[in-house]
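Heads up: the structure comes next, in structure tokens.
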Amino acid sequence: MLYFFLNNPVGYMGLLGSYYNAAGTPIPQWLSIVSLLVYTLVPYMLGSINTAVIVSHVMYKDDIRKYGSGNAGFTNVMRTFGFKAAAITFTGDILKAIVSVMLGWCFLGYLSAYIAGFACFIGHILPCFYQFKGGKGVLCSIAMIFVLDIRIFFVLVALFLIAVAITKYISFGSILGAMVFPILLNRINPTNPRLYMIEIIAVAIGVIVVFKHRENLKRIFNGTESKFSFKKSKKQTDESDNEAENG
């Protein structure tokens with residue numbers, strides 16, 4: 001959503017950048033270093049708070065990484081524990097990315113917002129709180145795109161929904177979106193001096209998401225990839241039936 005505010009100095013440069021721009025003075029080097037640390041480390045720490053792991057531990061006294069694909073993300077939670085747990089996971093992953101992007105924007109605007117979003121994305125994939133075993137970063141990246149450019153967001157969501165509707169593979173929709181994202185950013189975004197750095201981030205996100213889905217790609221080609229369903233896995237359904245019988 002920040003796209004709608006990028007036509008003015010505050011929107012493009014952020015609060016810190018626009019302040020020094022208005023004063024006609026460069027940002028002090030020490031402040032630039034401190035700012036960089038804040039809008040990279042804090043989003044990384046936020047990204048490391050893995051909602052899927054927390055939900056599985058608090059609600060089910062279990063670890064989502066022991067089941068299904070072993071991925072600590074929305075899709076595996078949906079398949080293993082059902083809609084309620086997945087909805088909480090979805091909300092947590094989205095919120096931490098949005099907060100990270102907005103924090104980054106406050107410093108140097110558009111560029112630092114992308115850097116902060118990317119740091120959150122990395123934190124989600126390699127969380128320092130969970131032995132660096134996290135999710136695949138899809139929800140974090142799409143939430144980042146939602147805040148930064150609503151146009152790209154809607155195109156990617158449309159592609160994702162069409163791909164999943166046709167194939168029933170969430171992984172395929174995620175891979176397709178990751179591959180198209182850098183191309184859309186390049187074609188839709190207005191040219192600016194910092195675009196090349198943002199493009200690097202977009203390409204890095206695309207490559208990482210596809211790499212994290214490499215096993216899914218193998219299963220798709222082999223015809224063994226699980227198709228999306230709103231139902232719980234057989235494991236969780238059986239456990240629920242047992243609890244009902246014992247109750």
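For the residue pair S112 and L108, the shortest heavy atom distance occurs at OG-N, 2.9 Å. Looking at every heavy atom in both residues, Y20 comes nearest to P26 through CD2-O, 3.6 Å. Taking all atoms of both residues into account, the shortest heavy-atom contact from G73 to A52 is N-CB, 3.8 Å. Of all non-hydrogen atoms in P43 and A119, the two that sit nearest each other are CB-CB, 4.0 Å. For S18 against G14, the heavy-atom pair with the smallest separation is OG-O, 2.7 Å. In this structure, A113 and L148 approach most closely via the heavy-atom pair CB-CD2, 3.6 Å.
Taken together through direct or relayed side-chain contacts under 4.5 Å among Ile, Leu, Val, Met, Phe, Trp and Tyr, L103 and Y19 form part of one hydrophobic cluster. No continuous path of ILVMFWY side-chain contacts below 4.5 Å connects I183 to L159, so the two sit in separate hydrophobic clusters. I188 and F146 fall within a single hydrophobic cluster, where Ile, Leu, Val, Met, Phe, Trp and Tyr side chains are chained together by heavy-atom contacts under 4.5 Å. Both Y110 and I98 belong to a single network of hydrophobic side chains, linked directly or stepwise wherever heavy atoms of I, L, V, M, F, W or Y lie under 4.5 Å apart. Using a 4.5 Å cut-off between side-chain heavy atoms of Ile, Leu, Val, Met, Phe, Trp and Tyr, with links allowed through other members, F118 and F211 fall into different hydrophobic clusters.
Taking the side chain as every heavy atom from C-beta outward, M45 and V42 never approach each other to under 4.5 Å. With a 4.5 Å cut-off on side-chain heavy atoms, N216 and K136 count as touching. Here the side chains of M197 and L111 are in contact, with some heavy-atom distance below 4.5 Å. Between W105 and L15, some side-chain heavy-atom pair lies under the 4.5 Å cut-off. Side chains of I170 and F160 form a contact here, defined as non-hydrogen atoms less than 4.5 Å apart. Within the 4.5 Å cutoff, the side chain of F81 has heavy atoms near those of the S56 side chain. Taking the side chain as every heavy atom from C-beta outward, T89 and L139 never approach each other to under 4.5 Å. Using a 4.5 Å heavy-atom cutoff, the side chains of F90 and V77 are not in contact.
Once rounded to the nearest 0.5 Å, the distance linking OH of Y67 with OG1 of T80 reads 8.5 Å. Separation of atoms CG (D149) and CG (L156) is listed at 9.5 Å; rounding is to 0.5 Å. Separating the CG atom in L16 from the CD1 atom in I27 is a distance of 4.5 Å, to the nearest 0.5 Å. We find the CG-CG distance between D93 and L95 to be 9.5 Å, quoted to the nearest 0.5 Å. One distance of note links CD1 of I64 with OG1 of T51; it measures 12.5 Å at 0.5 Å rounding. Rounded to the nearest 0.5 Å, atoms CD1 (I208) and OG (S141) are 10.0 Å apart.
Between the side chain of R79 and the backbone N or O of N76 there is no donor-acceptor pair closer than 3.5 Å. In this structure, N222 contributes its side chain and T224 its backbone to no donor-acceptor pair below 3.5 Å. Looking at E199, its side chain does come within 3.5 Å of a backbone N or O of N186 through a donor-acceptor pair.
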### Task
Any chance you could lay out the side chain to side chain contact (heavy atoms under 4.5 Å, CB included) test for Y169 and V164, step after step, and finish with the verdict?
CA-CA 5 Å; Y169 294 138; V164 174; over 6 Å; no
### Query
Passes side chain to side chain contact (heavy atoms under 4.5 Å, CB included), I88 versus M59? Steps please.
CA-CA 11 Å; I88 297 172; M59 295 178 65; 3.8 Å; yes
### Task
Before giving the answer on side chain to side chain contact (heavy atoms under 4.5 Å, CB included), spell out for F172 and I220 the whole-Å C-alpha distance, their side-chain angles and the decisive distance to 0.1 Å.
CA-CA 8 Å; F172 179 76; I220 289 174; 4.1 Å; yes
### Task
Go through F153 and I150 one step at a time and tell me if the side chain to side chain contact (heavy atoms under 4.5 Å, CB included) criterion holds.
CA-CA 5 Å; F153 170 81; I150 197 72; 4.0 Å; yes
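Under a cut-off of 6.0 angstrom, the local environment of CZ in R187 is sparse, with at most 12 non-hydrogen atoms contributed by other residues, nucleotides or ligands.
With sequence neighbours left out, K218 forms a salt bridge (Lys or Arg N to Asp or Glu O under 4.0 Å) with E215. Not a single salt bridge (Lys or Arg N to Asp or Glu O under 4.0 Å) links K61 to another residue, sequence neighbours left out. Applying the side-chain contact (heavy atoms from CB on, under 4.5 Å) criterion to V58, with sequence neighbours excluded, gives I54. When the side-chain contact (heavy atoms from CB on, under 4.5 Å) test is applied to V207, the partners found at least two apart in sequence or on another chain are V203.
Classified by interplanar angle (parallel below 30°, tilted 30° to 60°, perpendicular above 60°), the ring pair Y114/F181 is parallel.
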Quick one: side chains of residues 31-41, donor-acceptor pairs under 3.5 Å with protein atoms, not counting sequence neighbours, listed by atom name and distance.
residue: S32; atom: OG; partner: P28; partner atom: O; Å: 3.3
residue: S35; atom: OG; partner: L31; partner atom: O; Å: 2.7
residue: T40; atom: OG1; partner: L36; partner atom: O; Å: 2.6
residue: T40; atom: OG1; partner: L37; partner atom: O; Å: 3.3

Show me the side-chain donor-acceptor pairs of residues 120-135 shorter than 3.5 Å, one per line, residues at least two apart or across chains.
residue: H124; atom: ND1; partner: K96; partner atom: NZ; Å: 2.9

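With I175 as the partner, the side chain to side chain contact (heavy atoms under 4.5 Å, CB included) test is satisfied by one option alone out of V138, V210, V209: V210.
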